[in-house]
Amino acid sequence: MRGKISKAEVGNGGGVIAVCLGPDLHIYRIDKHKKVDRFGELPSSAVTHQLLAACSPAFIHAPRKLDSVVCLPMVSFTSEYISVGGNRHPAAADWDVHSGILAYGADNNVALWDPLAESRRGVYSVLVGHTDKVSVVKFYTCPTTGTRLLLTGSVDCTVRLWRADPIDHRRFAHALTLTDHTGSVNAIATNSGVDIIATGGADATVKIWRISIQDSVKGELLESIPTKPRYFPLALALAPLPTDTQDRPVALAVAGTTNIVQIYAAENTVDTPRFKVSATLSGHEAWVRSLAFTVDMHSKTGDLLLASASQDKYVRLWRLNRGEAASSGLVGSEEDAVLGGFEPTLSNKAHQFEAARSKYSMTFEALLFGNEDWVYTAAWNPNPERQQLLTASADNTLTIWEQDPLSGVWLSAERMGELSVQKGSTTATGSTGGFWIGLWSPNGCQIVCLGRTGSWRAWRYQAESDTWDQTLGITGHVRSVNGIQWEPSGGYLLSTSADQTTRLHAQWLREGQKSWHEFSRPQIHGYDLNCVDTLGPDRFVSGAEEKLLRVFKEPKPIAQLLKNLSGLAQNTEGELPDTAQIPVLGLSNQAVGEEAPVETDTAEAESIGQAQAYQSILSNSTQPPLEDQLARYTLWPEHEKLYGHGYEISAVAVSHDRTLIATACKASSIDHAVVRLYDTSDWHEIRPSLAAHTLTITSLSFSADDKYLLSVGRDRQWAVYRRSETDSSSFTLITSNPKGHSRMILDADWAPVSESQLPIFATAGRDKLIKLWQLSGDLAECKATIPSRSSVTSLSFLPHIYRGMLYLAAGEDDGKLSIHQIKVDGVEPSPLASPDRDQSPSKAITELSWRPLTEQSEASADKQDFELAVASDDNSIRIYSISDMVSEP
């Protein structure tokens, strides 16, 4: 190898290195941590600008001479924060006993989270591949090779196999897709001691597969079992049967949209296993949602226990033992003289079958009751020294069941969750809807559950006090994220979603560590939310699928919490209010105790007292709020309502001086396709409205100096309004282009102001084009066009000119994110970089927002890391740290 690579050549953000070795050119990538990764090789004679650009979108120019080592600049994307809620399906998550990684379905993706990590980072990666919602997730370790796989099933009728990286066990890569199901895949069964897996789908079949792993992963379909009587399998469980022979018999439990549990047995798994129905367990009175096998630790013969959880509010335990059943002593059977046949569900009938020349029997063991609603999941503690069953129910409780050592009776040893009905425990606040999933940690000392809001709650066992204490989990939206906006100083990020919530995300700074978390849930609404913008450090305005906009003001406990944990000292005007509560009837958040009736009942007084007590707890908390606190005690009081629109709000923008709010609503005629302006000093509407469009306005944007307002819409046109120099609340239409794009325009943004240049703005549309326009007087000229591979749904300029360049982030309909570099002189764009596919959203990007830089950051050194927030239709919010956004000419 000729030439030297110095630290200066590589740079702080890494780079791409081309090395000539003989006739070939070897490409290496070096990240900002100086980790080297081989990128590929090319014949040196074929090295051109196009070939290098094909190797990496970050190449800016090709070297003219490659007789030594050449370093090329490369933009690096690092995911600082990923927030996404879990899918509400009982099988859509699993916790790996080997690595400690928890994987869960997040819309049509799979999110990976390490709940035991000290960094408290939350989701660190998302697996993209499925085309519809992920309904089942299961980890599997191959018993022959020890290779770890992640199996995921989806409504798209496929099962995907993801292989763990042999070096970094936290990373997974797609290895195989199984496509034999013709209906949604709802259940997967694996067992570490069995070399086959079972999948169940809405095509009313259970399919048996053998997974072989050599250099590649292969899946062989061994058998397809139709359910009889026909039903959809919702739960599967697989376990080896106790035996003394060389054969390896296995039992497969199948249940679903029926009130029975079917037990299938196969003679062995060495050759081609053939499963046949060996027992039908009756007793449940509704669908069975979960099945789980475990080895009975008290049995000397290796008996199996099967737990079945049902929508009839009960969990039933069944014992599977080797040998013939003893006399069946009936417990409340139809022959019982007292019950007279009214309780046949408690029958202790023995179900006997034969497999691998051995006899087996299955009997009813216990009935676990105490839940007041459907039981979604049942899971055994993986710790072999503690035989405990965890159940999650729609009544908002997690229950740990244990067997009394003296009587053998199964009892509720611990209950967690919402143990009482309190005011505010309503669907509106998001605290009901039940717990859909309950999981054990690998060591059995921590449990997590997924609730209706898509958030994960966690509890950790404290041996000293013999109690389960709630700890910090993770949160995320469960429907499309439609709007995001940074607080003016970049201290926190607001997001708003079709899941009818607005959430506040900020960094938790402590002892040299930092991580992003949800710190507040300012708005929990009854309508899908479409847009949001900030009105300073302590206020914001949001628009929803209703005719009015709502302004919210930050409460004192949240401001104190952000100051304590994020170091965000806000300069606010006036006294901040207390936290809010949602009234029993209505959508307006009211400050605690505000407009309370003279005669308040005892329950309401207690609720107010409890809310005030939690304000004190939040103000002095040493960690971000827990999910139950977020849902009840972090609401922001509603400050104002803005009326005037005739239909649902579609766009909102606030001027940079925070004096004006511009809004638009859905429209199919000229009458409603107007921009309405509101004065933030007294909240009155400024008349007349600004008219130019004929259909819905999709985006509004103020220029950085607030001299201009830009609007774009579904009618394919854009319009620019100029602010009056004498009346700051007056705007006049100066120019518009009814044919700005050939299809609807979806977003627009102004470039930062340059003293020596004319104003520049960008528009993007369904026609797969980004257009750059320069405003000269009362005319705007298209200076450049940037083509894309799909519809461009979002645009955002970096709000600062950096090293004489403009930087434009663009999001597309398929989730692709790209950064473009634009020369201020001449408005010449060039593509700069895109994150890898596995780092990008899987659906349309709905909004982009650059984090504002502090004055200290702007004046800092040559190299600068920037942060970009990305909202997507795949329910996710991502914050990327982007470094080295500069190429040398």
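Position 1 is the first residue of the sequence; numbering continues from there.
Applying the 6.0 Å contact sphere to OH of Tyr81 captures more than 12 heavy atoms from other residues, nucleotides or ligands. Applying the 6.0 Å contact sphere to CH2 of Trp287 captures no more than 12 heavy atoms from other residues, nucleotides or ligands. Within a 6.0 Å radius of NZ in Lys133, other residues, nucleotides and ligands contribute more than 12 heavy atoms.
For Glu402, the side-chain hydrogen bond (donor to acceptor under 3.5 Å, both in side chains) test picks out Gln388, with sequence neighbours left out. By the salt bridge (charged side-chain N to carboxylate O under 4.0 Å, His left out) test, Asp395 pairs with no residue at all, sequence neighbours left out. With sequence neighbours left out, the salt bridge (charged side-chain N to carboxylate O under 4.0 Å, His left out) criterion links Glu414 to no other residue. Trp410 pairs by the ring-ring contact (aromatic ring centres under 6.0 Å, His included) definition with Trp380, not counting sequence neighbours. Residues forming a salt bridge (charged side-chain N to carboxylate O under 4.0 Å, His left out) with Arg479 (at least two apart in sequence, or on another chain): Asp528. Here Phe552 pairs with Phe540 under the ring-ring contact (aromatic ring centres under 6.0 Å, His included) rule; sequence neighbours left out. With sequence neighbours excluded, the residues forming a side chain to side chain contact (heavy atoms under 4.5 Å, CB included) with Ala379 are Trp440, listed by chain and number. Every residue two or more places apart in sequence or in another chain that forms a salt bridge (charged side-chain N to carboxylate O under 4.0 Å, His left out) with Lys843 is listed here: Asp107. Take Arg460 and apply the side chain to side chain contact (heavy atoms under 4.5 Å, CB included) test, not counting sequence neighbours, and it matches Gln446, Gln462, Thr471. Applying the side chain to side chain contact (heavy atoms under 4.5 Å, CB included) test to Ser495 and every residue at least two apart in sequence or in another chain returns His477, Val481, Ile484, Arg503, His505, Ile877. Residues forming a side chain to side chain contact (heavy atoms under 4.5 Å, CB included) with Ala235 (at least two apart in sequence, or on another chain): Leu291. Every ring-ring contact (aromatic ring centres under 6.0 Å, His included) that Trp162 has, sequence neighbours left out, goes to His174.
Cation-pi geometry between Arg170 and Tyr124 is met: the NZ or CZ atom falls under 6.0 Å from the ring centre, inside 45° of the normal. A cation-pi geometry, defined here as NZ or CZ lying under 6.0 Å from the six-membered ring centre and within 45° of its normal, does not hold between Arg457 and Trp459.
Panel note: side chain Ser407, backbone Val409; a donor-acceptor pair is recorded below 3.5 Å.
Relative ring orientation between His517 and Phe519 is described as perpendicular, the plane-to-plane angle rising above 60° on a 0-90° scale split at 30° and 60°. Below 30°, between 30° and 60°, or above 60°: for Tyr492 and Trp636 the angle between ring planes is above 60°, a perpendicular geometry.
Checked for salt-bridge contact, Arg539 and Glu487 miss the test: no charged N lies under 4.0 Å from a carboxylate O. Under the 4.0 Å criterion applied to side-chain N and carboxylate O atoms, Asp312 and Arg316 are not assigned as salt-bridge partners.
For the pairing with Trp456, the ring pair (Phe, Tyr, Trp, His ring centres under 6.0 Å) check across Phe435, Tyr104, Trp436 returns one residue only, Tyr104. Remark: of the listed residues Thr846, Asp873, Asp874, Asn875, Asp873 is the sole one forming a side-chain hydrogen bond (donor to acceptor under 3.5 Å, both in side chains) with Ser480.
Across every non-hydrogen atom of Pro115 and Trp95, the tightest pair is CG-CZ2, 3.5 Å. Taking every heavy atom of both residues into account, Phe172 and Arg148 meet most closely at CZ-NH2, 3.4 Å. His130 and Ser154 make their closest contact through ND1-CB, 3.2 Å (heavy atoms, listed as atom of the first residue, atom of the second, distance). Scanning both residues, Ser542 and Leu529, for their nearest heavy atoms gives OG-CD2, 4.2 Å. What you find for Val478 and Gly86 is that their closest heavy atoms are CG1-O, 4.0 Å.
Neither side chain, Thr475 nor Arg521, offers a donor N or O lying under 3.5 Å from an acceptor on the other. No side-chain donor-acceptor contact under 3.5 Å links Asp469 and Tyr461. Ser842 and Asn109 share a donor-acceptor pair across their side chains, judged by distance under 3.5 Å alone.
For the atom pair Ser619 OG and Ile558 CD1, the distance stands at 8.0 Å (nearest 0.5 Å).
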